[in-house]
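Structure first, commentary second.
All chains are named by letter (A, B, ...) in the order of the sequence lines, taking the proteins before the strands, and each is independently numbered beginning at 1.
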Amino acid sequence: MASTLSTALLEVQLSSPNQSAEAKRPTFFTSPLRTHPTKRLLISCNSARSPPKPKPRPKSKASPKPHLENQNPSLSDQLKPLSSTILTRNPRPDQLNSLLPKPKSTWVNPTKPKPSVLSLQRHKRSSYSYNPQIRDLKNFAKKLNESDPDDENAILAVLEENPHPVTRDNALLILNSLKPWQKAYLFFNWVKTQKLFPMETIFYNVTMKSLRFGKKFDVIESLANEMISEDVKLDNITYSTIITCAKRCGLFGKAVEWFERMYKTGLMPDEVTYSAILDVYAKLGKVEEVLSLYERGRASGWTPDPVAFSVLGKMFGEAGDYDGIRYVLQEMKSIGVKPNLVVYNTLLEAMGKAGKPGLARSLFDEMVESGLTPDAKTLTALIKVYGKARWSKDAMELWERMRSNNWQMDFILYNTLLSMCADLGLEEEAERLFEHMKQLENSKLDSWSYTAMLNIYGSGGKVDKAMELFEEMLRLGVEFNVMGSTCLIQCLGRARRIDDLVRVFDVSIEKGIRPDDRFCGCLLSVVSYCADSEDAIEVLGCLEQSNPRLVSFIRLLEEEETSFETIKEEFKAILNEASVEVRRPFCNCLIDICRNRNSNERAHELLYLGTLYGLYPGLHNKTSAEWSLDVRSLSVGAAYTAFEEWMGTLSKGIQREEALPELFSAYTGAGTHKFAQGLANSLAAHVETLAAPFKQSEEKPGCFVATREDLVFWLQAIQSPAVSGAQKSGVHF
DNA sequence: GTAGGGTTAG
């Protein structure tokens, strides 16, 4: 089995997610905005710089191909591993909503002047005339708001009490004051049945806004259809309300459908509707469509406002596209639009998502210099960026600045500060803040605050403090969520407090927590280091309730007669069911479990499969001077397995007299990650057990180096029958 | 929230 790893390395290139066969195909829309495909990414000539290009997909490194004895395989043979090694990806929102119109190939002559795609005039609002009865009417609306929503007769009785005649203006004023959508909708229908005056567009619009608040898209749509059948004109306000409601309900196909419909009726969107639809495409991750719309709008003479730029900024942030973010800033500069606070907030967060903490910091400085005062959202975004980047110094400085400048803080910001403390391991600071938050007026510590503290104690191994907090949550009735439970269980597992772990698990299930993949991964990792089989059985019991398939798989691994094919198929199915971020941890834990149960053979099979399914990209790196093994993303057991596998492959290479480089290195990393040091120590111990000639480099901690001469000598020595004892100590070649 | 668009914690 192990001997096939070198060929597996060939296959892994096929299974890397970036080269998946499901390459995105651009979707066109059928509105008059359609442009010729080759023109789609051209940005208006006013822009100073070229638009962001889609990033080239990362290419696989051209590593020297292992020598293969057989002839070139046929095309169908070459394609086979592709279908058998590709895992499905998590569904994206645009894949869930396949309602977007399919492309039609309508030729648009690019030499003709582009038609205008949006109206530069915003919808004019009618001005209110002063209503002397306003007080009475507001009181009346208040009564309606307070009446029992389920008691129709009571509501009708209130309606009869209206002190003033229901004129158009009075009805509008009342409708605007009704809060829950049920009341507004009821009043709207009541007015309609009175037939005192024609129902104009504005009545529908106000009612729709209320319905949007209640996310009642189906009702909004029925009202819109009623407008069409009753011949009431739909205006830009109607359409933007419909579109944004569909968007907030996640019905992106519907949003696009109504946008298309607007064009079909000959109504031109104004910039508000236009921004709304830009946001729809942005939320779908359809960057090219958004840029195309943007470009067409610019070509029609549109000067986008900060809202439009905020939409673009958010979209690029979600895509982690730094070039895109920079493009937004450049566009604003060249058009002469000054970013407002919301734009800065969006871009700061986007910078964080694109992994640019330094640029976020300078953008923040620029914002403050421009005279804007950061609000709680600005500070939340920046604290989050610094926390994730582990920039302790900047985070603490900002925290200090917040206090000395008396900048606005809210509870979300406090909770974010707590989470940042968890990221940076600042236990004392977090405790102080937590106490401070307890004493704040009008503020209650919520599940987020407690979860952040559980995270801090959990990752710091403070198991007693974590349990105290858990009891406190139960006592105070603070919601205990899946993340808090995961942190606590992880902590209890590391401390081998299995009875407490099982109790926390039971409480979690009682409280209605639904185990997610991370939660199961956490239980699986506890199983992996349970030396005591009774403990393992307890934890497997919890896992059985959360993910029975995983437990059956562990049993399959234990049974000697299970074939490799069975393991392969079942493992693939499990990985496909799991979300992408837990796939590698699952594989790592399962390898550890196998090694702990002395089934190294199975561990090698799993590593092979993990590699095959693309869970360990970049594990092997080769230059002419050095071959290296990067085990930073591997667990201890997986790292041992990978190391042995590597030595086995090299050993065979030596037998075949293949060319070898001067230097060999294994890299465990020794950086900021909590467990990195542990991995370096473990590999050091393992290397010593094997008496392998790898030495930890002094200038590069976490890097184990061996020369070709030493390595070849060692490998040849342990292969000779005289020293076969080395094999008993765990070397599996 | 006073007829429509954007930011808002793991």
Considering only side-chain heavy atoms of [X], which listed nucleotide, [options], is closest?
X: Met483(A); options: dA9(B), dG4(B), dG10(B); answer: dG10(B)
X: Trp448(A); options: dG6(B), dA9(B), dG1(B); answer: dA9(B)
X: Asn345(A); options: dT7(B), dA9(B), dG1(B); answer: dT7(B)
X: Val307(A); options: dA9(B), dG6(B), dT7(B); answer: dG6(B)
X: Lys209(A); options: dG1(B), dA9(B), dG5(B); answer: dG1(B)

When all nucleic acid strands are considered with a 4.0 Å heavy-atom cut-off, which category describes [X]: base, sugar-phosphate, or nothing?
X: Asn236(A); value: base
X: Thr201(A); value: nothing
X: Phe309(A); value: nothing
X: Glu271(A); value: base
X: Asp446(A); value: base
X: Val206(A); value: sugar-phosphate

Counting only side-chain N and O atoms of [X], is one of them less than 4.0 Å from OP1 or OP2 of [N]?
X: Arg248(A); N: dG6(B); answer: yes
X: Arg212(A); N: dG5(B); answer: yes
X: Lys179(A); N: dT2(B); answer: no
X: Lys353(A); N: dT7(B); answer: no

[X] has an atom [atom1]; how far is it from atom [atom2] of [N], in whole Å?
X: Asp169(A); N: dA3(B); atom1: CG; atom2: C1'; value: 14 Å
X: Lys247(A); N: dG6(B); atom1: NZ; atom2: C1'; value: 8 Å
X: Asn170(A); N: dT2(B); atom1: CG; atom2: P; value: 20 Å
X: Asn205(A); N: dG5(B); atom1: CG; atom2: P; value: 11 Å
X: Asp235(A); N: dG5(B); atom1: CG; atom2: C1'; value: 14 Å
X: Trp258(A); N: dG4(B); atom1: CH2; atom2: C1'; value: 15 Å
X: Asp375(A); N: dA9(B); atom1: CG; atom2: P; value: 13 Å
X: Phe213(A); N: dG4(B); atom1: CZ; atom2: P; value: 12 Å

Classify the side chain of [X] and the base of [N] as holding, or not holding, a donor-acceptor pair under 3.5 Å.
X: Thr273(A); N: dG4(B); answer: yes
X: Asp270(A); N: dG4(B); answer: yes
X: Asn481(A); N: dG10(B); answer: yes
X: Lys138(A); N: dT2(B); answer: yes
X: Ser240(A); N: dG4(B); answer: yes
X: Asn340(A); N: dG6(B); answer: yes
X: Asn176(A); N: dG1(B); answer: no

Using atom [atom1] of each nucleotide, how far apart are [N] and [M] to the nearest Å?
N: dG6(B); M: dT2(B); atom1: P; answer: 14 Å
N: dA9(B); M: dG5(B); atom1: C1'; answer: 24 Å
N: dA3(B); M: dT7(B); atom1: C1'; answer: 23 Å

Quiz item: Has the side chain of Lys356(A) got a donor or acceptor atom that lies under 3.5 Å from a matching backbone atom of Arg361(A)?
Solution: no
Quiz item: Ring centres of Phe197(A) and Phe203(A) under 6.0 Å apart?
Solution: yes
Practice problem: Measure the distance between the ring centre of Tyr274(A) and the centre of the six-membered base ring of dG5(B), then answer whether it is under 5.5 Å with planes under 30°. | Solution: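 Stack criterion not met.
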Quiz item: Would you find more than 12 non-hydrogen atoms of other residues, nucleotides or ligands less than 6.0 Å from Gln121(A) atom CD?
Solution: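 No - once you tally the heavy atoms of other residues, nucleotides and ligands closer than 6.0 Å, there are 12 at most.
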Quiz item: Any idea which heavy atoms bring Tyr450(A) and Lys438(A) closest together, and the distance?
Solution: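 That closest heavy-atom pairing would be OH-CE, 4.4 Å.
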Quiz item: If every non-hydrogen atom of Ala360(A) is compared with every non-hydrogen atom of Val385(A), which pair is closest and at what distance?
Solution: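 Heavy atoms of Ala360(A) and Val385(A) come nearest at CB-CG1, 4.1 Å.
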Quiz prompt | Lys353(A) and Glu349(A) ion-paired at < 4.0 Å | solution =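 A salt bridge is present here (some side-chain N lies under 4.0 Å from a carboxylate O).
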Quiz item: Can you name the ring-ring contact (aromatic ring centres under 6.0 Å, His included) partners of Phe188(A), sequence neighbours left out?
Solution: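 ring-ring contact (aromatic ring centres under 6.0 Å, His included) check on Phe188(A) returns Tyr204(A).
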Quiz item: What residues, two or more places apart in sequence or in another chain, satisfy side chain to side chain contact (heavy atoms under 4.5 Å, CB included) together with Lys142(A)?
Solution: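 Per chain and number, Lys142(A) pairs via side chain to side chain contact (heavy atoms under 4.5 Å, CB included) with Glu146(A).
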